[in-house]
Amino acid sequence: MSLHLEHLNPEQLAAVTLPDEHALILAGAGSGKTRVLTTRIAWLIKGGRVSPAGILAVTFTNKAAREMLTRLTAMLPVNPRGMWMGTFHGLANRMLRAHHREARLPQSFQILDSQDQLAALKRLMKASGVDEDRFPPREVQWFINAQKEEGLRPGEVPLTDENVRRFVELYAAYDEQCQREGVVDFPELLLRSFELLSRNEILREHYAQRFSHILVDEFQDTNRLQYRWLKLFSSRHTSYFCVGDDDQSIYTFRGANVGNMADFERDFKVKHVVRLEQNYRSHGNILDAANALIANNRNRLGKNLWTAAGAGEPLRVFEGESDNDEARWLVEEVQALARDGTPLSHIAVLYRSNAQSRVVEHALFSQGIPYRVYGGLRFFERAEVKHALAYLRLLAFPDDDNAFLRVANFPPRGIGARTIEQLQDAAKQAGASLMKVADGSKALVFKKLIEELKSETANLPLPEVVEHVVARSGLIEHYKTEREGADRIQNLEELVNAAAAFTQEERETESGEAVDPLTAFLTHAALEAGEHQAGEGQEALQMMTVHSAKGLEFDAVFLTGLEEGLFPHEQSVNERDGLEEERRLAYVAITRARRRLYLSHAQTRMLHGQTRYNVASRFLEEIPNGLMKWLTPRFSRQRLVPDFSRSKDAFMMKRKEEGIGFRIGQNVTHPKFGTGVIVDAEGSGTEARVQVNFGAAGVKWLALAVAKLQAA
DNA sequence: TACTTTGTCCTTTTT
DNA sequence: GGACAAAGTA
């Protein structure tokens, strides 16, 4: 058991062995951030500076928390019990369970994931007759979460206009409903525990005394509420150790505030700022490309990665005629890499948005190359699993209306929309839950079923409870009659396994507070979406969005769809600092690659059922030419016009093109906007207008009589 | 009541 | 192209 301090570089060593004072570690991509964080904890404990119980370590994902714990137990044979290590939400949950009375919550309060939250909100809006066109539930959800993440309750939101006033009303009604039903959404976990501590000085003091060392990972991704939450624990002898990289801040769209890094430095008068700039991951050319790209951003703390490894290969750039062409080429390259001995699992295909994966999947499938797509539906989010969990929730907490509505009539048992409506009216009148008013109605069958399940499983261990509920609820029977039901039944069986695995884990770590096993399992299901999908560990090509690639590394990386409008995404260009975030995203993507990086774009692409004509991304031009090797002629002048003759749009297309003198798909130049592609046309003669995608300069409608357009 | 068909809308995502 | 909700049919 050794910390292997001798393997650290001078900066890493300095960070690990800092005195008990506040520190900000600016850790570039691939600079050994996790290693520094875990070694720091081990060093503190080993040196007797703190006991495990004095440590509070926060991460963003369960995966990161798990990895830290594994590495730590390898370095120190210390019982992790007593150490608080986990995600913000996991830790907030732990605190709320421990002090549920003070937080005004039932002990077995249920957690709503985003899906559940949206469903609850829709239900509320329907019941109070809110026009869903004027107030789309998604926007309301977004609004509520944004307020909570700013730490604002309904009464504290500034009412800037009539619209905001309505949103706030809905926020208040929603909060009331949650309180009544004893459920808590994700941001509420944080806000509630924040309020708990800030109102209860004795409790706050207790935790502030207890945690003398607070360590935060991915600090650039914290939002304002998380920062204030962290600050609650400060006392005279608390030291904060925050690790982050402003260049990898890619979650502003959901409230992350990079400014927290600067605020932290100022608020805590941070004396130690350590920069980790040596990269141990990528070859020189890849790193140079990343550095050159990110240098175009203005709002940076500033940092330059370097590597002791050689320059390596140039970046390979490919221009496809179409998205299919791009996919075809990609598959060939993957096959070549595999032939030369690169394991498929060490190759990643990255894209900006999930919709892009389909074409690649299709090409891979037809060539029989195994692949695994990350993201999308996770285990605990699958409909059949959520159904089973709803039954379990009702056992733990019968007043959960969300769960009630989800499965009262699933599988179908004659409880229709009318019955439900009557129940809801009765519940509203009585101020009670749906389960409580089910007696005199058709829904009584359901109530009885739940009560039977409850008594039948009262003395069973958790996995058997789950097994029994899955069988007796009728879910299995129902899916047997469905065409694609076999997979779903398999997932339900997997849920029983998950319960068994969870029970086993609990027994080993014993970190949980005194909550009943069922509630603990339901909490686990809500907080941990279940990344351990089937097929994990198999030899397969890795496919994911750039966002989900953060923190990972691969021998070879394909960064696809580098087109204006796609990456950078068209909607981000209009957002404040949106372009800089897109660039950071590209930076994250590039720095995932160890040895080989492919960049590709396509001239045409099917998106949302329409063919789009895209120009190459500006990010390609921001990478120095000397680092790249073009596999196709650069921005080929003789753009191939796709063959529309067989398409059903051909007729319309021809009519549009008549009398205009340009073709759709043709390259043109404009004295002010530069080069672009014609994407649409209308009118003819002096009325004729064409729509041109100028890439960086945007998409514009131009009257041919006025604009000086030239064929390029 | 339950299942099928049609019309709308599209970033990024972890908890 | 696909998810989801509302409208249509047995």
Side-chain angles (χ1 to χ4, degrees), chain A residues 58-65 86-93 111-119 122 126 132-133 136-139 142 145 148-149 184-191 218 221-223 225-226 249-256 323 350-359 361-362 374-378 380-381 383 409-420 442 478 481-482 523-531 544-551 561 565-575 578 581-582 584-586 588-589 605-611:
Chain A
V58 199
T59 62
F60 268 82
T61 63
N62 291 301
K63 199 172 154 196
T87 64
F88 277 103
H89 294 86
L91 296 169
N93 170 67
I111 299 170
L112 302 183
D113 67 15
S114 317
Q115 269 181 48
D116 301 333
Q117 185 189 27
L118 188 62
K122 280 185 182 169
K126 220 163 239 157
E132 294 201 356
D133 289 328
R138 280 189 179 282
E139 273 177 41
W142 188 86
N145 289 349
K148 289 191 179 184
E149 276 161 8
V184 167
D185 59 41
F186 285 137
E188 182 74 21
L189 281 171
L190 273 166
L191 182 52
E218 305 276 17
D221 286 334
T222 50
N223 63 35
L225 180 58
Q226 287 163 335
S249 155
I250 55 175
Y251 286 109
T252 349
F253 71 92
R254 62 168 208 232
D323 46 358
L350 307 184
Y351 33 81
R352 175 66 236 268
S353 60
N354 280 311
Q356 286 166 252
S357 76
R358 231 197 60 258
V359 181
E361 282 185 70
H362 184 79
Y374 286 77
L377 262 199
R378 270 176 284 268
F380 288 119
E381 289 169 6
N409 197 35
F410 194 93
R413 48 176 75 88
I415 303 172
R418 270 186 60 89
T419 312
I420 294 291
K442 277 187 184 171
H478 175 81
T481 64
E482 236 183 31
T523 301
H524 167 82
L527 288 180
E528 186 144 2
E531 205 27 82
M544 63 195 85
T545 62
V546 180
H547 279 95
S548 39
K550 188 159 97 161
L566 208 65
F567 200 177
H569 198 279
E570 54 199 350
Q571 302 204 34
S572 70
V573 180
N574 303 320
E575 284 166 16
E581 176 135 326
E582 293 289 306
R584 290 193 292 271
L585 206 44
V588 167
R605 182 178 297 276
M606 275 291 269
L607 211 64
H608 308 316
Q610 270 188 328
T611 310

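Just so we're on the same page: letters track the sequence lines, and every chain starts at 1.
For Leu527(A), the side-chain atoms get nearest to dT15(B) when compared with the rest of dA2(B), dT11(B), dT15(B). For Arg358(A), the side-chain atoms get nearest to dG2(C) when compared with the rest of dT11(B), dG2(C), dT12(B). Out of dT15(B), dT11(B), dT13(B), the shortest distance to the side chain of Ser114(A) is found at dT15(B). When distances run from any side-chain atom of His547(A) to the nucleotides dT1(B), dG1(C), dT12(B), the shortest one goes to dT12(B). Taking the side chain of Glu381(A) as heavy atoms from C-beta on, and the options dT11(B), dT15(B), dA2(B), the nearest nucleotide is dT15(B). For Gln571(A), whose side chain is taken as the heavy atoms from C-beta onward, the closest listed nucleotide among dT14(B), dT11(B), dA2(B) is dT11(B). Here the side chain of Ser572(A) is nearest to one of dT14(B), dT15(B), dT11(B), namely dT11(B). Comparing dT11(B), dA2(B), dT14(B) against the side chain of Ser548(A) picks out dT14(B) as the nearest.
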Can you check nucleotides 3-9 of chain C for protein contacts, nitrogen or oxygen pairs under 3.5 Å, and list what you find?
| residue | atom | partner | partner atom | Å |
| --- | --- | --- | --- | --- |
| dA5(C) | OP1 | Lys122(A) | NZ | 2.5 |

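OP1 or OP2 of dT1(B) lies within a sub-4.0 Å distance of a side-chain N or O belonging to Lys442(A). The side chain of Thr59(A) contributes no N or O atom lying less than 4.0 Å from OP1 or OP2 of dT14(B). For the pair Asn62(A) and dT14(B), the criterion of a side-chain N or O lying under 4.0 Å from OP1 or OP2 is not met. Residue Asn354(A) places at least one side-chain N or O closer than 4.0 Å to OP1 or OP2 of dT13(B).
When rounded to the nearest whole Å, the span between CD1 of Ile111(A) and C1' of dT15(B) equals 9 Å. If you measure from atom OH of Tyr374(A) to atom C1' of dT12(B), you get 19 Å, rounded to the nearest angstrom. Look at CD on Gln356(A): it is 14 Å from C1' on dG1(C), rounded to the nearest Å.
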Toss me the dot-bracket line for DNA chain B: Watson-Crick and G-U wobble, both under 3.5 Å, 5' to 3', using | for pairs to another strand and [ ] for crossers. ||||||||||.....
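In the interface, the side chain of Thr545(A) is not paired with the base of dT13(B) through any donor and acceptor atom under 3.5 Å apart.
Taking the P atom of each, dT13(B) and dC4(C) are spaced 16 Å apart, rounded to whole Å.
Backbone-only engagement by Asn409(A) is indicated by non-hydrogen atom pairs under 4.0 Å involving sugar-phosphate atoms exclusively. As judged by a 4.0 angstrom heavy-atom cut-off over every strand, Thr523(A) is placed among residues making no nucleic acid contact. In this structure, Ala417(A) reaches the sugar-phosphate backbone alone: every heavy-atom distance under 4.0 Å involves primed, P, OP1 or OP2 atoms, never a base. Residue Tyr251(A) is in sugar-phosphate contact alone, with no base atom involved, counting any heavy-atom pair closer than 4.0 Å across all strands shown. Looking at heavy-atom distances under 4.0 Å, Phe253(A) makes contact with a base. Using a 4.0 Å heavy-atom cutoff across all strands shown, Asp113(A) reaches no nucleic acid atom at all.
Residues passing the salt bridge (Lys or Arg N to Asp or Glu O under 4.0 Å) test with Arg605(A), sequence neighbours excluded: Glu326(A), Glu563(A). Here Thr222(A) pairs with Asn260(A) under the side-chain hydrogen bond (donor to acceptor under 3.5 Å, both in side chains) rule; sequence neighbours left out. Asp185(A) meets the salt bridge (Lys or Arg N to Asp or Glu O under 4.0 Å) test with Lys148(A); sequence neighbours excluded. With sequence neighbours excluded, no residue forms a salt bridge (Lys or Arg N to Asp or Glu O under 4.0 Å) with Lys442(A).
Between Val546(A) and Arg418(A), the one whose closest nucleotide on DNA chain B sits nearer the 5' end is Arg418(A).
Residues His569(A) and Phe253(A) keep their aromatic ring centres 6.0 Å or farther apart.
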Is there a side-chain hydrogen bond (donor to acceptor under 3.5 Å, both in side chains) between Gln117(A) and Ser114(A) once you walk through the steps? CA-CA 5 Å; Gln117(A) 185 189 27; Ser114(A) 317; 5.3 Å; no
Using side-chain contact (heavy atoms from CB on, under 4.5 Å), reason through Asp221(A) and Lys550(A) one step at a time and then give a plain yes or no. CA-CA 12 Å; Asp221(A) 286 334; Lys550(A) 188 159 97 161; 2.6 Å; yes
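By the criterion of a centre-to-centre distance under 5.5 Å and near-parallel planes under 30°, the ring of Phe88(A) forms no stack with the base of dT15(B).
A salt bridge links Arg352(A) with Glu582(A): the distance from a Lys NZ or Arg NE/NH1/NH2 to an Asp or Glu carboxylate oxygen falls below 4.0 Å.
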